[in-house]
Amino acid sequence: MSEPLYVVAAVIRGDDGRILLAQRPSNKHQGGKWEFPGGKLEAGETPLQALGRELHEELGITPLQAQPLIKVRYTYPERSVLLDVWEVTAFDGIPHGCEGQPVAWFTAAQLPTLEFPAANAPIVTAALLPAQYLITPEPEDFPAFLLRLETCLQAGVRLVQFRAKSLDSSAYLALAQDVIALTHAYQGKVIVNAPPLAIAAADGVHLTSQQLQQPSDDILKLRLPGQWLSAACHNAQELVQAAALDVDFALLAPVLPTATHPNAPTLGWNAFQELADAVNFPVYALGGLNVADVAIARRHGGQGIAAIRGLWGAV
C-alpha cells in the first residue's frame, strides 16, 4: 500500500472560543462538507511550516500560537490520509476564503451538527475536549467535596470524571446530580465512572480497565445516545480493545510515578507517544501529572493531562 497523503490541518480558535471552518468546493474530494483548514505537506517542509503556508494561502492569516492536537490516520476508498492537526489560538490577519471557499465561525456546540469528512470525527472530539481532565477523589464530606469541585471549576477545569466507588447507589446518584448541575453551571462536562444506572444528564460514561477487558452489555447500555464513551488503558492491547468499542477518548497510565504507587512501572513520555500515535482518538496522559505537564503531553501526542491530586489539590 502506498504511503498515506500527509495533510496538516488547524483547529483555529477565536478570542470568543468559536472555531473557524471552511467548506470544501463541490468539485473536490468530499466536496460540500465542512473541514478544518489546511492542506498537503510539501517536500522539504516541516508540519508547522506547511500549516503556516496553507493558512496564509487559504485564509490570509499567519498563525502566531500553535500546538499539536491529534494525528488521525484514515483510509477512504479513494486514498489513505494522515491528518496532523494543530490547535491555533492566535493569528495575524482577518480570516477569509482566499480561494473563494465559504468560511464561517461555529461554536463548539454546533460542531456535532455539521457534516464533515469521515476522517474528521476524532478531530471534532479533540476540538471539544479541554486539555485538563479532573478525576474526583472519593467523596467523604459532601458539602466540602462540592465546594472543592467549584474551586476547581473556577480555576478553569471544564471536564470532570465523577468517581465515587465507595458510595451506594442512592448516594452515588444523589451526589452525581449535584456534581453535574454544578459543572454544567460552569459550561463544563461530566463523565460518570461506574454509575449504578444510566444518568441522562451526564455527558459520558467511563469504562475502567477491567470493564474494558470484559465489557458487558449492562455496562455499555448505561451510555445513552449522544453521550461520550471513554476508557482507562495501560498498554497497546487495551487501546486496541478501546478502539474496538469505538470509544471517543481514552486515558493512558501511568506516565510518571504517583504518590500512591511511587515504585510502580511507568510508561514515560516516549512510550506514551508511541501508544497514543497508534490510535485514532484523543488520549489523556494520566499518572503523576499536573497543569504544568499539559504542554509536554501535547508535544507527545496527548490531548492533555488527567489527574486527581494534580488538579484537585492544585488550586
Side-chain angles (χ1 to χ4, degrees), residues 69-73 112 121-138 158-165 172 176 179-180 188-199 202-256 258 261 264-267 271-289 297 300-308 310-311:
L69 182 60
I70 189 173
K71 289 183 179 177
V72 178
R73 293 162 180 80
I123 306 174
V124 173
T125 302
L128 295 175
L129 290 170
Q132 300 175 35
Y133 183 10
L134 168 66
I135 303 171
T136 64
E138 287 294 323
R158 291 296 179 266
L159 184 63
V160 176
Q161 182 187 126
F162 176 56
R163 182 179 182 273
K165 298 185 178 181
Y172 183 102
V179 168
I180 292 168
K189 296 185 181 298
V190 177
I191 310 298
V192 287
N193 183 326
L197 50 83
I199 301 177
D203 302 288
V205 175
H206 179 75
L207 301 178
T208 65
S209 58
Q210 182 178 0
Q211 291 168 336
L212 176 66
Q213 294 171 40
Q214 298 179 326
S216 71
D217 288 341
D218 289 341
I219 293 173
L220 294 177
K221 285 177 181 176
L222 293 176
R223 180 195 185 193
L224 299 173
Q227 291 180 333
W228 278 323
L229 180 65
S230 67
C233 300
H234 302 88
N235 52 49
Q237 180 182 359
E238 291 180 355
L239 286 169
V240 169
Q241 178 64 13
L245 292 178
D246 198 24
V247 302
D248 295 288
F249 61 95
L251 287 75
L252 182 57
V255 176
L256 301 179
T258 65
H261 301 89
T266 59
L267 294 168
F272 172 87
Q273 181 169 12
E274 182 178 347
L275 292 169
D277 281 352
V279 296
N280 282 341
F281 47 78
V283 179
Y284 283 97
L286 172 64
L289 306 175
H300 288 83
Q303 176 71 27
I305 64 103
I308 302 176
L311 291 176

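Numbers here simply count residues along the sequence, with the first being 1. None of the values given here were measured: they were computed from a predicted structure.
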Which pair of non-hydrogen atoms, one from [X] and one from [Y], has the smallest distance, and what is that distance?
X: L222; Y: P195; result: CD1-O, 3.3 Å
X: A232; Y: L212; result: O-CD2, 3.7 Å
X: A306; Y: L286; result: O-CD1, 3.2 Å
X: P282; Y: P122; result: CG-O, 4.2 Å

Practice item. Decide yes or no for V283 and C233: does some side-chain heavy atom of the first lie under 4.5 Å from some side-chain heavy atom of the second? Key: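 They are not in side-chain contact.
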Review point. Can you find a heavy atom in the side chain of L251 that is under 4.5 Å from one in the side chain of Q161?
Key: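 Answer yes - side chains close enough.
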Practice item. Please collect all salt bridge (Lys or Arg N to Asp or Glu O under 4.0 Å) contacts where either partner lies in residues 222-235, sequence neighbours excluded, each pair once. Key: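 Non-adjacent pairs meeting salt bridge (Lys or Arg N to Asp or Glu O under 4.0 Å): R223-D248.
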Roughly how far, to the nearest 0.5 Å, is the [atom2] atom of [Y] from the [atom1] atom of [X]?
X: F272; Y: L256; atom1: CZ; atom2: CG; value: 10.5 Å
X: L69; Y: K71; atom1: CG; atom2: NZ; value: 12.0 Å
X: L229; Y: L207; atom1: CG; atom2: CG; value: 4.5 Å
X: I70; Y: N280; atom1: CD1; atom2: CG; value: 7.0 Å
X: L134; Y: R163; atom1: CG; atom2: CZ; value: 12.0 Å
X: Q214; Y: Q241; atom1: CD; atom2: CD; value: 10.5 Å

Practice item. Evaluate the side-chain contact (heavy atoms from CB on, under 4.5 Å) criterion for residues L239 and F281: first the C-alpha distance (whole Å), next the side-chain angles of each, then the deciding distance (0.1 Å), finally the verdict. Key: CA-CA 10 Å; L239 286 169; F281 47 78; 4.1 Å; yes
Review point. What residues, two or more places apart in sequence or in another chain, satisfy side-chain contact (heavy atoms from CB on, under 4.5 Å) together with I308?
Key: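 Once residues adjacent in sequence are excluded, the partners of I308 under the side-chain contact (heavy atoms from CB on, under 4.5 Å) criterion are I135, P137.
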Review point. Got more than 12 heavy atoms from elsewhere within 6.0 Å of CD, E138?
Key: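 Atom CD in E138 is crowded, with more than 12 foreign heavy atoms closer than 6.0 Å.
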Review point. For the side chain of Q132 and the backbone of G304, is there at least one donor-acceptor N/O pair under 3.5 Å apart?
Key: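 Side chain of Q132 to backbone of G304, a donor-acceptor pair under 3.5 Å: no, none is there.
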Exercise for review: Show your reasoning for whether side-chain contact (heavy atoms from CB on, under 4.5 Å) applies to Y284 and L159.
Suggested key: CA-CA 12 Å; Y284 283 97; L159 184 63; 3.5 Å; yes
Check your understanding: Which residue pairs pass the side-chain hydrogen bond (donor to acceptor under 3.5 Å, both in side chains) test with at least one member in residues 227-236, sequence neighbours excluded?
Key ->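 Residue pairs passing side-chain hydrogen bond (donor to acceptor under 3.5 Å, both in side chains), neighbours aside: H206-S230, H234-E238.
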Exercise for review: Assess whether side-chain contact (heavy atoms from CB on, under 4.5 Å) is satisfied between Y172 and V192, documenting all intermediate values.
Suggested key: CA-CA 10 Å; Y172 183 102; V192 287; 3.6 Å; yes
Practice item. Apply side-chain contact (heavy atoms from CB on, under 4.5 Å) to the pair T208 and K165, showing each step before the final yes or no. Key: CA-CA 11 Å; T208 65; K165 298 185 178 181; 3.4 Å; yes
Exercise for review: Hey, can you tell me if Y133 and F249 have their rings parallel, tilted or perpendicular (30° and 60° cut-offs)?
Suggested key: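 Perpendicular.
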